[in-house]
Amino acid sequence: MSLLPSDPAAGGITPELGSDVCRPEHCFHAFDALYCALTKAEPIDPEFPNEKYPLFVTWNTRSSRPGRAPRLRGCIGSFEALPLWDGVAEYALISAFKDSRFRKIDKSELQSLECWYGALYFPIRVHSYASNPTHWYFSVSLLTDFEDASTYLDWTIGVHGIQITFPHPTLLFSTSTSEAPSPLSSSPYLPRLTSRQTFSATYLPDVIPEQGWDKIEAVDSAINKAGWTGRITEDLRRSIKLRRYQSKTCTVDWDEYVQWREFHS
């Protein structure tokens, strides 16, 4: 997933969020959008505040065998702040049906879904993890605490997600012959570039520890994810502008969604 950055402070986002920002209702709403799209049932109106947040939707499959890591099933998102009522529902469906890397989720998979809700404070992501012999689970994440890092190494694994942007490497002036990690975030000799000459990508907070990466490996993977397939040099890393952010989570499964829907029907 490659994304051009936008300002999370725009669009009326409130940076101070209470502990109740992680609500099972967000997961129920995401489940409901998918269930109704697949069955033509009438949706339940959401009851949580229609606040604005940037939004991510991620689907993974988790093996029924203990210890097996989840596998990516779909990931589409935006750093633009969206109203939660429409945003959660819309991106639940976009992730389920329109990620060109994966087949569409179908009705037969519904009963093996589990919804893990993660309030990452600022954007949202929706995870889903799928059917026999694997199990789907669904996650919505709100992201916050966005900060500009002083260097591309100025973040903590297991605490922060990262959002990187960098200019096309062929436009960089080489100012260093060293390939050792540098404390510098960017070169003072970078040319002025337009957005069409930049790359951008993000990893949410839990992805990096799940993959077992160190900081350099995570940044290099994000560079590749952004679309750059050439050689990664220290000059390229130093050209990166990195923003870090954080998250929280909660979980509901399919049975809990069914109970919620029956109660509200």
Side-chain angles (χ1 to χ4, degrees), residues 1-8 22 53-62 69-82 87 91 94-95 99-102 116-129 137-167 169 181-182 185-186 198-230 232 234 236-249:
M1 174 180 55
S2 176
L3 297 170
L4 293 177
S6 64
D7 183 3
C22 302
Y53 294 96
L55 186 138
F56 281 87
V57 178
T58 302
W59 296 81
N60 291 311
T61 58
R62 184 168 59 185
R71 286 184 359 185
L72 181 66
R73 182 67 162 77
C75 184
I76 299 175
S78 171
F79 279 104
E80 178 184 357
L82 300 173
Y91 275 84
I94 290 174
S95 183
D99 190 326
S100 60
R101 299 169 295 175
F102 306 96
W116 172 66
Y117 169 68
L120 295 139
Y121 288 142
F122 226 26
I124 291 181
R125 101 172 154 167
V126 179
H127 273 45
S128 198
Y129 297 81
Y137 67 89
F138 205 73
S139 121
V140 180
S141 302
L142 300 176
L143 311 176
T144 195
D145 288 354
F146 276 81
E147 301 171 305
D148 291 325
S150 60
T151 79
Y152 70 83
L153 299 174
D154 181 25
W155 54 281
T156 302
I157 294 173
V159 174
H160 296 115
I162 59 173
Q163 178 193 5
I164 67 166
T165 58
F166 59 95
S182 167
S185 179
S186 62
T198 64
F199 293 81
S200 181
T202 191
Y203 279 127
L204 297 167
D206 60 318
V207 173
I208 294 162
E210 282 177 359
Q211 296 299 318
W213 294 327
D214 61 25
K215 290 183 180 181
I216 297 294
E217 291 170 333
V219 168
D220 287 357
S221 178
I223 290 170
N224 292 146
K225 184 181 181 182
W228 176 249
T229 58
I232 298 175
E234 183 58 22
L236 192 162
R237 296 187 189 107
R238 288 169 55 190
S239 75
I240 287 171
K241 292 184 178 181
L242 186 145
R243 303 189 78 198
R244 61 194 184 201
Y245 53 87
Q246 299 184 36
S247 70
K248 293 182 179 179
T249 64

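Numbers for residues simply follow the sequence, beginning at 1.
- In terms of heavy-atom proximity, Ala226 sits nearest to Ser200 at CB-O, 3.5 Å.
- Across all their heavy atoms, Thr151 and Leu242 have their closest contact at O-CB, 4.5 Å.
- With Lys225 contributing its side chain and Thr202 its backbone, the two residues share a donor-acceptor pair below 3.5 Å.
- Residues passing the salt bridge (Lys or Arg N to Asp or Glu O under 4.0 Å) test with Asp220 are Arg237, sequence neighbours excluded.
- Using a 4.5 Å heavy-atom cutoff, the side chains of Ile216 and Leu153 are in contact.
- Formation of a donor-acceptor pair under 3.5 Å by the Arg243 side chain with backbone atoms of Ala149 is not found in this model.
- Residues passing the ring pair (Phe, Tyr, Trp, His ring centres under 6.0 Å) test with Trp155: none are found, sequence neighbours excluded.
- For Glu217, the side chain to side chain donor-acceptor pair (under 3.5 Å) criterion is met by no residue, not counting sequence neighbours.
- In terms of heavy atoms, Thr229 sits closest to Asn224 at CA-ND2, 4.5 Å.
- The aromatic rings of Trp228 and Phe199 sit perpendicular, their planes meeting at an angle over 60°, well past the 30° parallel limit.
- Of the candidates Thr165, Thr198, Asp148, Thr165 is the only one forming a side chain to side chain contact (heavy atoms under 4.5 Å, CB included) with Lys241.
- A heavy-atom distance below 4.5 Å is not found between the side chains of Ile94 and Asp99.
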Review point. Could you walk me through whether Leu82 and Tyr91 pass the side-chain contact (heavy atoms from CB on, under 4.5 Å) check?
Key: CA-CA 10 Å; Leu82 300 173; Tyr91 275 84; 3.5 Å; yes
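- No side-chain N or O of Tyr152 forms a donor-acceptor pair with one of Ser239 less than 3.5 Å apart.
- The distance from the CG atom of Leu204 to the NE2 atom of His160 is 13.5 Å, given to the nearest 0.5 Å.
- Rounded to the nearest 0.5 angstrom, Arg244 CZ and Thr156 OG1 are separated by 7.0 Å.
- Heavy-atom minimum distance, Val159 versus Pro205: O-CB, 4.0 Å.
- Residue Phe146 comes nearest to Tyr245 through the heavy atom pair CE2-CD2, 3.5 Å, listed as atom of the first residue, atom of the second, then distance.
- Across Ile164 and Ile223, no two heavy atoms sit closer than the pair CD1-N, 3.8 Å.
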